[in-house]
Amino acid sequence: MNAAVGETMALLALAAVLAWAVIRPRGWPEAVVAVPAALILIAAGAIGASSAITEARQLGPVIGFLAAILVLAHLCDDDGLFQACGAWMARTGASRSTATGARRLLVQVFVIASVTTAVLSLDATVVLLTPVVFATASRLDVRARPQVYACTHLANSASLLLPVSNLTNLLAFAATGLAFGRFAALMALPWLAVIGTEYAVFSRFFAADLSIRPRPGPGQRDNDAGLPVFTLAVVALTLAGFAGASAAGVNPAWAALAGAAVLAARALARHRVAPVALVRAADVPFLVFVLGLGIVVKAVVSNGLGAALAPLLPGGTSLPALLATAALAAVLANLCNNLPAVLVLLPLAAPSGAGAVLAVLLGVNIGPNLSYTGSLATLLWRRILRRHGSAPDLGEFTRLGLLTVPAGLLVAVLALWVSLHGIHA
Amino acid sequence: MAGSDTKDRSVLIWVSEGTWRASVDAGLSLAPAGARFTLLHVTSAEVADAAHGAYLGLFGRGRGVGRDPGDRLDELATASAGDLLARAAERLGRSCEKVEIHGPTERAVVAASAQADLLVMARDGDRSRLGPKSLGKVGRFVVDHAACPVLLVWPEPAPDITSIPPPPHAGGPG
C-alpha cells in the first residue's frame, strides 16, 4: 500500500478512535472501536503485521505494569489508606490562627495529593483521593474549592516524578533508556518546582476561600480509622522494588505485580475483596484500548505524520530545545489528549535522547491543566452535552490554568535542564 | 416603626462554610422581635464539576458506575449542606425554615432575598488585609443586587477602628 493511502486510512482510524473515546456512545468501552481499527489497519496493510506485533510486545509490559498499579491503588483504598489520610488531615488541619486560615490544610492536601499521584498514579488521586479531601474540608467546616482544585491540578502536574505516576510516563519510560532510579532522580527537581509553582499560585488565587479557619466538627474522632501500616509497608517495599529491579536489569513491572499480589492475597484471604472486584479494578477494557490506540498511532506516525512533525521538534537537549519540545507537547495534549500526544511524539523525541523524552513528558503531563477536561476535544463535546442543565463555569478553571501551566512548564523545564546537566556532569 | 409591624418580618440568614456561626448569631441578636427566620445554604456545582472534569481528563478509563468522583462529590455536598443547615438551626434555637438550593450561589441568594425583609450574610473575602477585597466576588454580587436590606457581618469579631489605614496625603496627627 502506498504511504498516502496508508496515512489517510490511519488518520481516519485514529479520528474514529479518539472521537469514540471522547463521545463514549452509550457508555461502551473505548476498546470497541480501537481494537477493530487496529485490526483493519493491519489487514489493509497500513501497518505491517510484524510492526504491529513489535508495538504490541513493547506495550505489553507497560499495560501489565499499569494493571498492577491500578489494582494496588484500589487495594490501598480498600485497606483505608485514603480514609486514614483524611482522618489525619481532619485531626491536624485545624489551625488556631485566623492568619493561617485553611493554608495548613492546603499544604497537607498538596503533600498527600503529590505523593499519591507520584506513587499510585494520577487515577488514584482523581478517583480515590478527591472525595476524601472534599469530605475532610466539609468536616473542618471550610470551603472545599481550593482543596478539590488542588487534587485535580496535582493529578496532572505532580505526575512527573516516577514512571508509574502517569500512563504517559510508563509509555515513555522504555524510550528514555533510563533506569527507574535515574528517571526519578532527573524528574525530582522538575516535580518539586512545578508543585511549588502550583502552591504559590493557589495560595494567592484562593486567598478568600483560604482565609477561613478550619474547625473540627462534632463527632470528629468517631470514625477515624488507624493508619493501615501493613499496606503502607507493602507500598514502600514495592517502591524500593521498582528501583532495585530496574537497577538489576529486571522490568520493574514485576515489583508492581508482587506488591499488588501481596495485598490481593491478604484481602482475598480475609474475604475483604471479591476476585471479580480485582479484575474490575485492573480495568481490562482500558488496557485493551491502550493496546489498540498504540497500534493505530504507530500506523499514523510511520505512514507520514512522523516525517511531517519531525521538523517541528527541535533536536538536542539545549534549554531552548527542551522548552520548545515541552511547549509543543503541551499544545498537542490540549488539542486531542495526552495519551495520543505522547504516542505520536515519543518516536520523534527518542533519537534526541532521554532529556528530550522527559521534556515531552513535562508538556503532556502539566499541559492538560489548561483545559477543564484535559483536552479541547473533550471540552467541546461536553459543552455540547451540558451537564447539570447548564455548562460548567469555565472562567475560573481557565484563569487558574493560565496562571499555573505556562509558569509551571517554564520552571519545570528549567529544573530539568539543571538536572540533566548537574546529574550527568 | 411600630412594634406590631415587625411581627411578620422575614429574616433570611445565608449560611456558608466557616462563616455561618457569625451570620446566625447576628441574625439572632439583631433581628426584630418575632421575626420569621429562614436559613439558606447554596451548593454551587463548581467543585463537583472540577472533579468531573478531571475524571473526563483520564482518557479511556472505565465508565464503571460510581467511579466518577464528580458524582460522589455531589452526594457528599448534599449531605454536608444538610448537616450544616441542621447545625445552624440548632445554634439559632428558634423555629425556622431550612432551604437548600443547588445552583450559582450569588444568583440563588439574590433570588431568595426577594421574599425577605432582611438578609444576613458574612463577609466571604480575604480578610487578612482589610479593604475592598474583604468582600469576595459572590458577596459583592449579593450586596449589589439583593432585593432587601443587607446586614453584613464579620465572621470573627469586627476589627478595631484603629485598623483603618491613614487617609491619603495625611499630614501629621492633629
Side-chain angles (χ1 to χ4, degrees), chain A residues 21 24 27-30 34 98-99 101-102 122-123 126-128 130-131 134-135 137-138 141-145 148-149 151-152 155-156 207-215 217-218 280 283 285-286 289-290 293 337-340 368 372-375 378-379 382 387-388 390 392-393 396-397, chain B residues 16-21 43-77 79-81 83-84 86-87 90 102-104 122-129 133-139 155-157:
Chain A
R24 302 184 184 186
W28 284 4
E30 290 80 352
T98 309
L122 79 168
D123 292 55
V126 171
V127 176
L128 307 173
T130 306
F134 180 90
S138 294
D141 199 16
V142 292
R143 297 181 199 147
R145 208 163 62 118
V148 168
Y149 273 87
C151 289
T152 66
N156 288 317
D209 290 335
L210 292 171
S211 69
I212 291 174
R213 186 163 60 93
R215 297 174 185 232
R280 206 179 300 132
D283 204 350
F286 172 49
F289 165 72
V290 173
L293 178 67
N337 197 280
N338 62 6
L339 282 190
Y372 157 76
T373 53
S375 77
T378 313
L379 182 64
R382 292 292 140 176
R387 187 174 176 266
H388 280 299
S390 65
D393 178 18
E396 191 95 311
F397 197 96
Chain B
S16 160
E17 284 73 12
T19 60
W20 58 272
R21 291 176 187 81
T43 303
S44 148
E46 189 193 347
V47 172
D49 276 339
H52 181 65
Y55 182 66
L56 289 174
L58 298 177
F59 199 62
R61 261 59 147 213
R63 295 131 313 282
V65 179
R67 278 184 62 82
D68 186 340
D71 296 340
R72 182 83 188 102
L73 258 54
D74 272 336
E75 292 165 24
L76 287 168
S80 161
D83 182 49
L84 199 155
R87 285 161 67 196
E90 191 186 338
H102 286 253
R123 285 174 190 269
D124 60 348
D126 178 10
R127 303 176 310 286
S128 58
R129 259 172 292 163
K133 290 192 170 174
S134 67
L135 270 178
K137 242 173 40 184
V138 173
E156 54 278 321

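Below, chain A is the first sequence line, B the second, and so on; all start at residue 1.
Within the 4.5 angstrom heavy-atom criterion, atoms from both the backbone and the side chain of A:V126 approach chain B. At a 4.5 Å heavy-atom cutoff, B:L135 makes no contact with chain A through either its backbone or its side chain. Contact annotation for A:P131: both backbone and side-chain heavy atoms come within less than 4.5 Å of a heavy atom of chain B. The parts of A:A207 that come within reach of chain B are both its backbone and its side chain, each placing non-hydrogen atoms under 4.5 angstrom from that chain. Of the atoms belonging to B:A77, heavy atoms from both backbone and side chain fall under 4.5 Å from chain A.
Residue with the most contacts toward chain B among A:V148, A:N338, A:N337: A:N337 (heavy-atom pairs, distance under 4.5 Å). Taking chain B as the reference chain and counting heavy-atom pairs below 4.5 Å, the highest number among A:D123, A:L122, A:L128 is found for A:D123. Ranked by heavy-atom pairs under 4.5 Å with chain A, the list B:G53, B:A51, B:A79, B:A54 is led by B:G53.
Checked against salt bridge (Lys or Arg N to Asp or Glu O under 4.0 Å), B:D124 has no partners two or more places apart in sequence or in another chain. Residues satisfying the side chain to side chain donor-acceptor pair (under 3.5 Å) criterion with B:S134, sequence neighbours excluded, are B:R123.
Contact detail for A:F286 and B:F59: the closest heavy-atom pair is CE1-O, 3.4 Å. The two residues A:D141 and B:R87 come nearest to each other via the heavy atoms OD2-NH2, 4.5 Å.
When side chains are defined from C-beta on, A:R143 counts as touching B:S16, because their heavy atoms get closer than 4.5 Å.
Side chain of B:S80 to main chain of A:A135: no donor-acceptor pair is present (N/O by atom type, distance under 3.5 Å, no hydrogens or angles).
A side-chain contact (heavy atoms from CB on, under 4.5 Å) with B:Y55 is found for one member of A:V127, A:T130, A:T152 and no other, namely A:V127.
The distance from the CG atom of A:D209 to the CD atom of B:E17 is 10.0 Å, given to the nearest 0.5 Å. The distance from the CZ atom of A:R215 to the CZ atom of B:R21 is 4.0 Å, given to the nearest 0.5 Å. Between the CZ atom in A:F134 and the CD atom in B:E75 there is a gap of 11.0 Å [rounded to 0.5 Å]. In this structure, the separation between CD1 on A:I212 and CZ on B:R127 is 6.5 Å, given to the nearest 0.5 Å.
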